[in-house]
Structure formats: C-alpha cells, structure tokens
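Note: hydrogens, waters and symmetry copies are ignored here, and every other heavy atom, side chains too, is used.
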Amino acid sequence: MSPAARIVGINGIKLCYWQWSGTPGLNLPTLIFAHATGFHARVWDAVIARFPEHPIIALDQRGHGRSEGEPIEHWGTLIADMRGIADHLGLQRAIGVGHSMGAHVLAHTASEMPSAFQQLVLFDPVILAPSFYEAAEPLYTTDTPHPAIRRKRDFASPEAMMERFRARDPYKLFAPQVFEDYCRYGLTEKPDGTGYKLACSPEMEASIYASSRTNAAIHEAVKSLAIPTLVVRAKQTDLMDFKSSPTWPALADQIPQGTDLYRPDRTHFHPFEDPADAARIINDVLAA
C-alpha cells in the first residue's frame, strides 16, 4: 500500500511525515523511521515494505524531503522536531528505527519521552566519543564549509540525477530500489516548472555537518535510555571516510539495556546496501 503524506505544523515550520496504516485490528506497535543527513523518509521504502502489517511513520526531517526548514546551528533543533512529531502522533511504545543523524535524534528523543518508545534500532548513529564534543573548534566554518555546500542542486529530472550518481560512491552500493527512491523523492519540482532541485539544499546539509559537535548532551541522554537499544555498527576505518562507521565503539556499553552488533562487512549505508538484512535485524528485535 502506498503511504499517505501528512503535513503538520511543528516549531514554526511545516513538517511532512509518511504514514502506512498496517493491518487493522492486529494492535501491532508502530514503527517510526528516521533518516540520515541529506536523505529523506522514502529512502526507507525497501525496508518498510517488509513490514506490511505494522503501522509505520517515516519522517522527512527539517529541510529534507517535503519538510520546510532553513539551515540549523544546533542539533537540538532536530530533536525538538522529533519530540513535536511524537507528541502530535501521541506515540506510545513505538519501535524507533534510525540511521546516522536520524538514529542520534531518535536516541535523544526516546531518552526524554520514555513512554513514547519501547525499543530502538540504531543503524550507525553519529554518536561519537565524548572527546569529539569537547573539542573547542568547529569541524567546519563559513570560511571552510563542509564539501556538501558544493553539491549540484539542479537537475532536469529524477532520471538525470540517477544517471549522474549511479556509478559514484556511496550510491553505487545502494540496492536498485533504494537508489531510485533516493533520487526520485530527493528532488522537488521547481515552482517555475523548469526542472527539479535537491529537496535538501546544499546549505541545509552543510549546516548539519557543521553543527555536529553541538549536542554534547547526547551522552547523558543515552545513559538514561530505559529501553532495549540495539546499536548496529559498520566497519570503522577513518572519520573522514564517509563510508566508515562514525559510531563510538563503546556506545552500547553506556546504554543500560544496550546491545552492540558489529558488522564489519557493511559500510555506514548498511540499510540501503542490503534492505533485506536491515529488515531481518529489525524483525529479530520485534520477535525478541
């Protein structure tokens, strides 16, 4: 079944979330999916398709997909948005599934809303060692911005975007459906009808990377997580390699009911390289 797009006013902007109804009468927990920087809700479609009976919510985070929002200065803004969505939906005992920045946001939100979530599956959350957040200097500045600021933003069509990215890292690693969904839903039509532009602007994407040290409170937040939390880590090589895991190896040890699953056979983009494997991991959590 195709999802319904819902628009709701949260924190002064319009946020979009996509809703799959699931099978009526089964009383299964809601699965809520949160995407990474520069992605969007529909990149999860190939995973979501494997849970047709569950009610499901996938959020286009601020400045991504069909959601409004200008560049940010603090990751607390994204966490406040997720709290607002959880309040709007009246979430109770949901299963949170996040990737990268989305996993970071879900973990912090769940620590503040203990009744909203009952379990978390965090695919390579960008929660680094405490020393990362203690550093005084920002990773990027106005004079030396993140390379995302130079991304091509205009395309004649989704097909043109596919042609440009098909053979490039990390997109060439993605399963075919995921790659197509990434391109098709990662663009919005220009108002004047002259083509398409990136749904997540280069400025928005760069601002998230530039502010990635702002949420030092994440470590106290995960220590207070009172629900089972699976941390799925990919191969770890170098922080400057965007395919490497950025996740602190000791993260799961800081979470009272945390479990670490190390997958050196996968990159940071694990759920999109192999959505069937990601769905299996989620299903194992549901079964437990």
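- Contact detail for Tyr133 and Ser212: the closest heavy-atom pair is CE2-O, 3.6 Å.
- None of Ile282, Val285, Val97, Leu31 except one satisfies the side chain to side chain contact (heavy atoms under 4.5 Å, CB included) rule with Gln119; the exception is Val285.
- Put simply, the side chain of Ser245 gets close to the backbone of Thr247: a donor and an acceptor are under 3.5 Å apart.
- Annotation: side chain of Met162 is not in contact with side chain of Tyr171 (no heavy-atom distance under 4.5 Å).
- Each of Met113 and Ile10 belongs to its own hydrophobic cluster when Ile, Leu, Val, Met, Phe, Trp and Tyr are linked at side-chain heavy-atom distances under 4.5 angstrom.
- Put simply, the side chain of Leu15 reaches to within 4.5 Å of the side chain of Ile85, judged on heavy atoms.
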| said: Show, in sequence, the C-alpha distance, side-chain angles and deciding distance for Arg233 and Asp260, and conclude whether the salt bridge (charged side-chain N to carboxylate O under 4.0 Å, His left out) test is met. | reply: CA-CA 7 Å; Arg233 293 187 298 115; Asp260 182 70; 2.7 Å; yes
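- In this structure, CD in Gln236 is found 13.0 Å from OG1 in Thr267, a value given to the nearest 0.5 Å.
- Trp248 is listed as a side-chain neighbour of His219, based on a closest heavy-atom distance under 4.5 Å.
- Of the possible donor and acceptor atoms, one in the side chain of Ser207 sits under 3.5 Å from a partner among the backbone N and O of Ile72.
- When all heavy atoms are compared, the tightest approach of Arg50 to Ala279 is CD-CB, 3.4 Å.
- Hydrophobic clustering of Ile, Leu, Val, Met, Phe, Trp and Tyr side chains at less than 4.5 Å, counting indirect connections, unites Ile218 with Leu128.
- A donor-acceptor contact closer than 3.5 angstrom links the side chains of Trp75 and Ser211.
- In this structure, Tyr182 and His40 have parallel ring planes: the angle between them is below the 30° cut-off, well short of the 60° mark.
- Judged by distance alone, the side chain of Ser201 and the main-chain N or O of Met204 form a donor-acceptor pair under 3.5 Å.
- Of the possible polar contacts, none joining the Asn11 side chain to the Thr77 backbone as a donor-acceptor pair under 3.5 Å is found.
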| task | Dump the intermediate steps for salt bridge (charged side-chain N to carboxylate O under 4.0 Å, His left out) on Arg263 and Asp265, then the final yes or no. | result | CA-CA 5 Å; Arg263 290 292 302 272; Asp265 58 319; 2.8 Å; yes
| task | Go through Ile32 and Ile95 one step at a time and tell me if the side-chain contact (heavy atoms from CB on, under 4.5 Å) criterion holds. | result | CA-CA 6 Å; Ile32 181 163; Ile95 310 294; over 6 Å; no
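- In this structure, the side chain of Ser244 engages the main chain of Thr237 through a donor-acceptor pair within 3.5 Å.
- Leu122 is not listed as a side-chain neighbour of Val232, based on a closest heavy-atom distance of 4.5 Å or more.
- Taking a cutoff of 4.0 Å between a charged side-chain nitrogen and a carboxylate oxygen, Asp181 and Arg184 do not qualify as a salt bridge.
- By the 30° and 60° cut-offs, the orientation of the rings of Phe272 relative to His99 is perpendicular.
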| Does the pair Arg62 and Ile13 meet the rule for a side-chain contact (heavy atoms from CB on, under 4.5 Å), with working shown? | CA-CA 8 Å; Arg62 170 182 296 251; Ile13 63 169; 3.5 Å; yes
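- Figure legend: Lys152 and Phe155 shown as a cation-pi pair, the cationic atom lying under 6.0 angstrom from the six-membered ring centre and within 45 degrees of its axis.
- Contact check for Gln19 versus Pro3: no side-chain heavy atoms found under the 4.5 Å cut-off.
- Counted by atom type alone, His268 and Ser100 present one or more donor-acceptor pairs between their side chains at under 3.5 Å.
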| Can you check side-chain contact (heavy atoms from CB on, under 4.5 Å) on Leu230 and Leu120, steps first, answer last? | CA-CA 6 Å; Leu230 178 64; Leu120 296 178; over 6 Å; no
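- The residue from Trp18, Phe33, Tyr17 that alone fulfils the ring-ring contact (aromatic ring centres under 6.0 Å, His included) condition with Trp44 is Phe33.
- Atom CZ of Arg280 sits about 8.5 Å away from atom CG of Asp274, to the nearest 0.5 Å.
- To the nearest 0.5 angstrom, Arg153 atom CZ is 13.0 Å from Leu187 atom CG.
- The nearest pair of heavy atoms linking Pro271 to Ala278 is CA-CB, 3.8 Å.
- Checked by atom type and distance alone, the side chain of Thr37 never pairs as donor or acceptor with a backbone atom of Met101 at under 3.5 Å.
- Between Ser157 and Tyr196, the shortest heavy-atom distance links the atoms CA-CD1, 3.7 Å.
- Counted by atom type alone, His270 and Asp124 present zero donor-acceptor pairs between their side chains at under 3.5 Å.
- Linking Ile, Leu, Val, Met, Phe, Trp and Tyr whenever their side-chain heavy atoms come within less than 4.5 Å puts Ile79 and Val8 in one cluster.
- Residues Asp87 and Arg83 are not paired through a salt bridge, judged by the lack of any N-O separation under 4.0 Å between the basic side chain and the carboxylate.
- For Arg166 and Phe179, the positive end is not near the middle of the six-membered ring at less than 6.0 Å and at most 45° from its axis.
- Side-chain contact check for Thr144 and Thr141: at least one donor-acceptor pair (N or O, by modelled atom type) lies under 3.5 Å.
- Using bins of under 30°, 30° to 60° and over 60° for the plane-to-plane angle, the ring pair Tyr140/His146 lands in the perpendicular bin.
- Pro202 and Ala148 get closest at one heavy-atom pair: CB-O, 3.3 Å.
- Within the 4.5 Å cutoff, side-chain heavy atoms of Phe51 are placed close to those of Asn283.
- For His64 and Phe39, the gap between ring centers reaches or exceeds 6.0 Å.
- Side-chain atoms of Asn215 and His108 include a donor-acceptor pair closer than 3.5 Å.
- Taking CZ from Phe174 and CG from Asp169, the interatomic distance works out to 9.5 Å, rounded to the nearest 0.5 Å.
- Judged by distance alone, the side chain of Gln254 and the main-chain N or O of Ala250 form a donor-acceptor pair under 3.5 Å.
- Two residues are said to be in side-chain contact when any heavy atoms from C-beta on lie closer than 4.5 Å; Lys223 and Pro256 fail this criterion.
- Side chain of Thr229 to backbone of Ile227: a donor-acceptor contact under 3.5 angstrom is found.
- Taking a cutoff of 4.0 Å between a charged side-chain nitrogen and a carboxylate oxygen, Asp60 and Arg42 do not qualify as a salt bridge.
- A donor-acceptor pair is defined here as one N or O able to donate and one able to accept, closer than 3.5 Å; such a pair exists between the side chain of Arg213 and the backbone of Phe132.
- No donor-acceptor pair under 3.5 Å is formed between the side chain of Glu53 and the backbone N or O of Gly22.
- Taking hydrophobic clusters as Ile, Leu, Val, Met, Phe, Trp and Tyr residues chained together by side-chain heavy-atom distances below 4.5 Å, Met82 does not share a cluster with Ile7.
- Taking a cutoff of 4.0 Å between a charged side-chain nitrogen and a carboxylate oxygen, Glu273 and Lys243 do not qualify as a salt bridge.
- Other residues, nucleotides and ligands contribute only 12 or fewer heavy atoms inside 6.0 Å of the CZ atom of Arg93.
- Nearest heavy atom pair, residue Leu225 against residue Ser111, reads CD2-N, 3.6 Å.
- Side-chain contact between Phe117 and Thr30 is absent, with no heavy atoms from C-beta onward closer than 4.5 Å.
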| query | Can you check side-chain contact (heavy atoms from CB on, under 4.5 Å) on Leu286 and His54, steps first, answer last? | reply | CA-CA 11 Å; Leu286 291 171; His54 280 264; 3.8 Å; yes
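- Distance check, rounded to the nearest 0.5 Å: SG of Cys200 to CD1 of Ile208 gives 5.5 Å.
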